[in-house]
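Shown next, in structure tokens, is the structure this report addresses.
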Amino acid sequence: EPEVTQTPSHQVTQMGQEVILRCVPISNHLYFYWYRQILGQKVEFLVSFYNNEISEKSEIFDDQFSVERPDGSNFTLKIRSTKLEDSAMYFCASSSGGNEQFFGPGTRLTVL
Amino acid sequence: GESVGLHLPTLSVQEGDNSIINCAYSNSASDYFIWYKQESGKGPQFIIDIRSNMDKRQGQRVTVLLNKTVKHLSLQIAATQPGDSAVYFCAADNAGNMLTFGGGTRLMVKP
């Protein structure tokens, strides 16, 4: 069964450093998403991406965040200068255009 | 905007009993609702969905009920099993592009 994959599973970084979280969506999907989940809290929408551009973004997704689809398979989330409060699980999701979104296993980002 | 909330943070049930997890939403324009299951260390896993033109949908051992009048939906799990132990999130979609998640209910199944 096709699935969304994410790497790395755990990323530790120093405050102020740049991180890139990687996702491989399901191959025939066209819509891509990033969500985050701070420990013990609910999942929060960050951004959606379609046709090589951002279609929706939340207030969380400020100028420190960017997304990219560098090739036909990867979808990345970059945080330019990480802050302590960026520590969270980051989930990538994809969909074929229907409403159902398939989530990856997540990347745990720890900012020290 | 949309806010989605869960009534109970933890639900403990006996194995074999039925479980009911509730969720309220605020935006009457929301037209699609999903229940996700999240096990420890994993991403949300789709369980069942329902569109706003329906009030009930059944899957394998799961049923979702939608009451648009009071903006409430519930997830019913029949014959709850230990493998059902997880955190359950409801989510609402009103833009076809982003999900708003509730806070989650932890379901604990006692053997």
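Computed from heavy atoms alone, side chains included, the values below leave out hydrogens, waters and symmetry copies. Just so we're on the same page: letters track the sequence lines, and every chain starts at 1.
Heavy atoms from other residues, nucleotides or ligands lying under 6.0 Å from CG of A/Asp63 number 12 at most. Remark: A/Leu84 CG is packed, more than 12 non-hydrogen atoms of other residues, nucleotides or ligands lying under 6.0 Å away. Other residues, nucleotides and ligands contribute only 12 or fewer heavy atoms inside 6.0 Å of the CE atom of A/Met15. Atom CZ of A/Arg108 has 12 or fewer heavy atoms from other residues, nucleotides or ligands within 6.0 Å. Dense packing is recorded around NZ of A/Lys83, with more than 12 heavy atoms of other residues, nucleotides or ligands lying under 6.0 Å away. Counting non-hydrogen atoms of neighbouring residues, nucleotides and ligands closer than 6.0 angstrom, the CD atom of B/Gln14 exceeds 12 such neighbours.
The shortest distance between side-chain heavy atoms of B/Tyr36 and A/Gln101 falls below 4.5 Å.
Listed here is the closest heavy atom pair of B/Pro44 and A/Phe103: O-CB, 3.3 Å. Smallest separation of non-hydrogen atoms from A/Gln37 and B/Phe89: NE2-CZ, 3.4 Å. Smallest separation of non-hydrogen atoms from B/Tyr32 and A/Glu100: OH-N, 3.7 Å.
Heavy-atom distances place the side chain of B/Gln38, and not its backbone, under 4.5 Å from chain A. Looking at A/Glu44, there are no atoms closer than 4.5 Å to chain B (heavy atoms on both sides), in backbone or side chain. Of the two parts of B/Leu99, the backbone and the side chain both hold a non-hydrogen atom closer than 4.5 Å to a non-hydrogen atom of chain A.
The six-membered or imidazole ring of A/Tyr35 lies near that of B/Phe101, with a centre-to-centre distance under 6.0 Å.
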